[in-house]
Amino acid sequence: RLVIDAVTGVGSSDNIDTEVASIDIDNTTSGGIVINETDAISVIELDQNGSGVVTLDAAGTITIVNGTAGVTAMTGTVTLNATGGTSDVVINEDIITMGGLIDIDAGQDVISTADDDIMTTAVSGTNSGAVDIDATRNVALAGDIITTGENNATADGTADDGGQVNIDTTDVTISVVNITTSGGNA
């Protein structure tokens, strides 16, 4: 298990190549988290508490472990990319970003368990990020996809929009329990 607690990024200037069973990474201020795994990996935590992206590319299956902190980014894009031809992205805990895109790609399936959601919420003055999911075979999400715009703080202003949701599969089926995309209140 690789555990990293950083302040100004983990692999943000040059991605970190790993060959580990699991990761637990927390970055507290700036820079991003950029990891390139050579095979399958379990995610205990990917937590970007400042500005910056969270990117995990793996040649095998990516599993976000149940009962852990999941994946969060304060403002940046979250990218989970399982590149192997039989590789899945298995979501057993929430993926959350504030205004950033959530991009999930799998060589085979994207799967989530009940109550393990994919959420992007707008920060003040911006629209919510989009959710983009691509799988060669199945997309089977028992958890929700939620994109929410920011409420407007002034009486005569407009609220921010919820993000767009795109789900693509080239082979088989798409099954999603709930997709909610909503703008904030004006």
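Values below: all heavy atoms of this structure, side chains included; hydrogens, waters and symmetry mates excluded.
- Not counting sequence neighbours, the partners of N138 by the side chain to side chain contact (heavy atoms under 4.5 Å, CB included) test are D109, V172, T173.
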TODO: Could you go through the side chain to side chain contact (heavy atoms under 4.5 Å, CB included) check for M119 and I146 one step at a time?
DONE: CA-CA 5 Å; M119 296 180 284; I146 303 165; 4.0 Å; yes

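- The side-chain hydrogen bond (donor to acceptor under 3.5 Å, both in side chains) test applied to T29 returns no partner, not counting sequence neighbours.
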Do any side-chain atoms of residues 1-23 form donor-acceptor pairs under 3.5 angstrom with protein atoms, and if so which ones, sequence neighbours left out?
residue	atom	partner	partner atom	Å
R1	NH2	D24	OD2	2.7
D17	OD1	N36	ND2	3.3
T18	OG1	E37	OE1	2.4

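- Distance check, rounded to the nearest 0.5 Å: OG1 of T75 to CE of M98 gives 9.5 Å.
- Between S87 and A106, the closest heavy-atom pair is O-CB, 3.7 Å.
- Applying the side chain to side chain donor-acceptor pair (under 3.5 Å) rule to pairs touching residues 51-65 yields D57-N81, sequence neighbours excluded.
- For residues 69-98, no pair satisfies salt bridge (Lys or Arg N to Asp or Glu O under 4.0 Å), with sequence neighbours left out.
- Panel note: side chain S30, backbone G50; no donor-acceptor pair is recorded below 3.5 Å.
- In this structure, CD1 in I25 is found 8.0 Å from CG in L56, a value given to the nearest 0.5 Å.
- As a member of the Ile/Leu/Val/Met/Phe/Trp/Tyr network built from side-chain separations under 4.5 Å, V53 groups with V34.
- The cluster map of Ile, Leu, Val, Met, Phe, Trp and Tyr, joined by side-chain heavy atoms under 4.5 Å apart, puts I174 and V90 in different clusters.
- For T86, the side chain to side chain contact (heavy atoms under 4.5 Å, CB included) test picks out Q108, with sequence neighbours left out.
- Applying the side chain to side chain contact (heavy atoms under 4.5 Å, CB included) test to T180 and every residue at least two apart in sequence or in another chain returns N178.
- V43 has its side chain within reach of I62: a pair of non-hydrogen atoms, C-beta onward, lies under 4.5 Å apart.
- Linking ILVMFWY residues whenever their side-chain heavy atoms come closer than 4.5 Å, directly or via other members, leaves V177 and V131 in distinct clusters.
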Open item on the list: Determine whether I118 and I91 satisfy the following criterion, side chain to side chain contact (heavy atoms under 4.5 Å, CB included), listing intermediate values before the conclusion.
Closed with: CA-CA 9 Å; I118 300 167; I91 303 164; 3.9 Å; yes

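- Atoms CG and OG1, from L141 and T113 in turn, are 10.0 Å apart once rounded to the nearest 0.5 Å.
- Remark: T97 engages A73, V78, I102, T120 in a side chain to side chain contact (heavy atoms under 4.5 Å, CB included) (not counting sequence neighbours).
- Taking Ile, Leu, Val, Met, Phe, Trp and Tyr as members and joining any whose side-chain heavy atoms lie under 4.5 Å apart, directly or through other members, I111 forms no hydrophobic cluster with any other residue.
- Nearest heavy-atom pair across S112 and G143 is OG-N, 3.0 Å.
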Throw together a table of side-chain donor-acceptor distances under 3.5 angstrom for residues 163-170, partners on residues two or more places apart or in other chains.
residue	atom	partner	partner atom	Å
Q164	NE2	N166	OD1	2.8
T169	OG1	A135	O	3.2
T169	OG1	R137	O	2.1
T170	OG1	T136	O	3.0

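- I104 pairs with exactly one of D134, D132, I95 by the side chain to side chain contact (heavy atoms under 4.5 Å, CB included) rule, that one being I95.
- Residue V65 shares its hydrophobic cluster (ILVMFWY side chains chained together at separations under 4.5 Å) with I44.
- By the rule that hydrophobic residues join a cluster once side-chain heavy atoms approach within less than 4.5 Å of another member, I133 and I96 end up as members of separate clusters.
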